[in-house]
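In this chain, numbering begins with 1 at the start of the sequence shown.
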Amino acid sequence: MPQRIWFEREFVLGTPFESFPEILERLRGTPARLEERVSQVPSKDLTRRYGERWSIQEHVGHLADLEPLWRGRVEDLLGGQEELRHADLENTATWQAEHNKAQSEVVLAEFRSQRAELMERLESLSEESLRTATALHPRLRQPMSIVDLCFFVAEHDDHHLATVSTLIGRTQ
């Protein structure tokens, strides 16, 4: 089944504040869903590339690579920045990280650890911050709240989980 291209996606922001608990659960659950999804995949299949596309393990590593960006954007919002920090749209960190040379357990553990830091920060926020902090998303050119950012991250997680599932299907 064809999958939408991430950078071509459009987002309708303005996610209701009341959606925050459910979105947090999506974010909190991503490491477990990812671990469950790849746990039975042989190592050779986890690191197999199809052409110039990332392997399953590189998708996992990519999620970990982006966690500092998400935490930084939370801080941008809380700090009153007018615009959120830019992402590296070339994904240089993931291409250079050589995630396929690591043990899959190490890559998964790194993502879990990085996500735990994000969750700790998000869970510490006041209702006022969640309701009022906004900044312009640099690519989407729309104002984004913390709740919007969390929705965006959850959608990004699910995008990569869907890609991982597609790649697992190719190995069977």
Side-chain angles (χ1 to χ4, degrees), residues 3-38 54 56-97 99 107-166:
Q3 188 176 356
R4 293 183 288 182
I5 297 170
W6 179 256
F7 289 119
E8 293 179 4
R9 286 206 45 195
E10 294 181 13
F11 290 85
V12 177
L13 301 179
T15 309
F17 166 77
E18 295 78 15
S19 299
F20 191 61
E22 291 90 358
I23 295 169
L24 279 184
E25 286 307 314
R26 283 179 68 190
L27 295 174
R28 185 179 291 109
T30 300
R33 290 188 297 149
L34 198 52
E35 289 162 3
E36 187 276 331
R37 200 67 193 101
V38 304
W54 289 335
I56 293 167
Q57 192 156 299
E58 287 169 316
H59 280 276
V60 174
H62 172 69
L63 291 173
D65 295 338
L66 285 183
E67 289 297 297
L69 173 67
W70 307 141
R71 287 193 312 273
R73 285 182 170 176
V74 169
E75 297 310 318
D76 292 345
L77 284 155
L78 295 172
Q81 298 297 316
E82 290 183 18
E83 186 170 310
L84 299 173
R85 64 191 65 196
H86 289 255
D88 171 13
L89 301 183
E90 301 299 319
N91 294 306
T92 306
T94 301
W95 285 108
Q96 293 178 347
H99 293 297
V107 179
L108 287 161
E110 178 63 20
F111 175 56
R112 181 174 282 282
S113 172
Q114 292 279 341
R115 179 53 58 90
E117 287 183 40
L118 177 64
M119 295 308 301
E120 184 177 331
R121 184 63 174 124
L122 292 171
E123 291 167 344
S124 75
L125 299 178
S126 70
E127 182 176 329
E128 180 181 348
S129 295
L130 292 171
R131 287 189 183 273
T132 61
T134 62
L136 190 68
H137 186 281
R139 179 174 60 84
L140 301 176
R141 306 310 301 167
Q142 297 181 61
M144 181 176 269
S145 69
I146 293 171
V147 179
D148 288 328
L149 174 63
C150 291
F151 174 74
F152 184 86
V153 174
E155 288 290 297
H156 183 263
D157 288 353
D158 287 350
H159 172 81
H160 285 281
L161 279 162
T163 302
V164 163
S165 292
T166 298

For the residue pair [X] and [Y], what are the closest heavy atoms and their distance?
{"X": "A87", "Y": "L69", "answer": "CB-CD2, 3.6 Å"}
{"X": "H137", "Y": "R139", "answer": "ND1-N, 3.2 Å"}
{"X": "V60", "Y": "F111", "answer": "O-CB, 4.4 Å"}
{"X": "P16", "Y": "V147", "answer": "O-CG1, 3.6 Å"}
{"X": "F20", "Y": "L122", "answer": "CZ-O, 4.1 Å"}
{"X": "A135", "Y": "L84", "answer": "CB-CD2, 3.8 Å"}

Taking the side chain as everything from C-beta on, heavy atoms only, tell me whether [X] gets closer than 4.5 Å to [Y].
{"X": "C150", "Y": "L27", "value": "yes"}
{"X": "E127", "Y": "R131", "value": "yes"}
{"X": "L66", "Y": "V153", "value": "no"}
{"X": "L125", "Y": "L78", "value": "yes"}

Self-check item: Atom CD of E120 with >12 non-hydrogen neighbours under 6.0 angstrom
Solution: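 At most 12 heavy atoms, drawn from other residues, nucleotides or ligands, come within 6.0 Å of this atom.
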Quiz item: Is R85 salt-bridged to E75, going by a charged N under 4.0 Å from an acidic O?
Solution: no
Exercise. Output yes when R115 and D157 qualify as a salt bridge under the 4.0 Å nitrogen-oxygen rule, no when they do not.
Key: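 Salt bridge between R115 and D157, a charged N being under 4.0 Å from a carboxylate O: yes.
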Quiz item: By ring pair (Phe, Tyr, Trp, His ring centres under 6.0 Å), which residues pair with H59, not counting sequence neighbours?
Solution: W54, H160
Quiz item: What about the rings of H62 and H156, do their centers lie closer together than 6.0 Å?
Solution: yes
Exercise. List for me each residue that meets side chain to side chain donor-acceptor pair (under 3.5 Å) alongside D65, sequence neighbours excluded, and say none if there are none.
Key: T94, H99
Quiz item: Do S126 and S129 have a side chain donor and acceptor closer than 3.5 Å?
Solution: yes
Distance, nearest 0.5 Å, that separates [atom1] of [X] from [atom2] of [Y]:
{"X": "R37", "Y": "L108", "atom1": "CZ", "atom2": "CG", "answer": "13.0 Å"}
{"X": "I23", "Y": "E155", "atom1": "CD1", "atom2": "CD", "answer": "9.0 Å"}
{"X": "W70", "Y": "L63", "atom1": "CH2", "atom2": "CG", "answer": "9.0 Å"}
{"X": "T134", "Y": "I146", "atom1": "OG1", "atom2": "CD1", "answer": "9.5 Å"}
{"X": "L161", "Y": "T163", "atom1": "CG", "atom2": "OG1", "answer": "8.5 Å"}
{"X": "E67", "Y": "M119", "atom1": "CD", "atom2": "CE", "answer": "10.0 Å"}

Practice problem: Determine, stepwise, if the pair Q81 / R73 fulfils side chain to side chain donor-acceptor pair (under 3.5 Å). | Solution: CA-CA 9 Å; Q81 298 297 316; R73 285 182 170 176; over 6 Å; no
Quiz item: S113 side chain to A109 main-chain N or O, any donor-acceptor pair under 3.5 Å?
Solution: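 Here the side-chain-to-backbone pair does not exist.
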Quiz item: If only atom types and distance count, is the side chain of T30 paired as donor or acceptor with the main-chain N or O of R26 below 3.5 Å?
Solution: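 Indeed, once roles are kept as given, a pair shorter than 3.5 Å links the two residues.
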Exercise. Check the pair F152, L140 against side-chain contact (heavy atoms from CB on, under 4.5 Å), reporting the backbone distance first and the verdict last.
Key: CA-CA 11 Å; F152 184 86; L140 301 176; 3.9 Å; yes
Self-check item: Pairs satisfying side-chain hydrogen bond (donor to acceptor under 3.5 Å, both in side chains), at least one member in residues 12-21, at least two apart
Solution: T15-D148
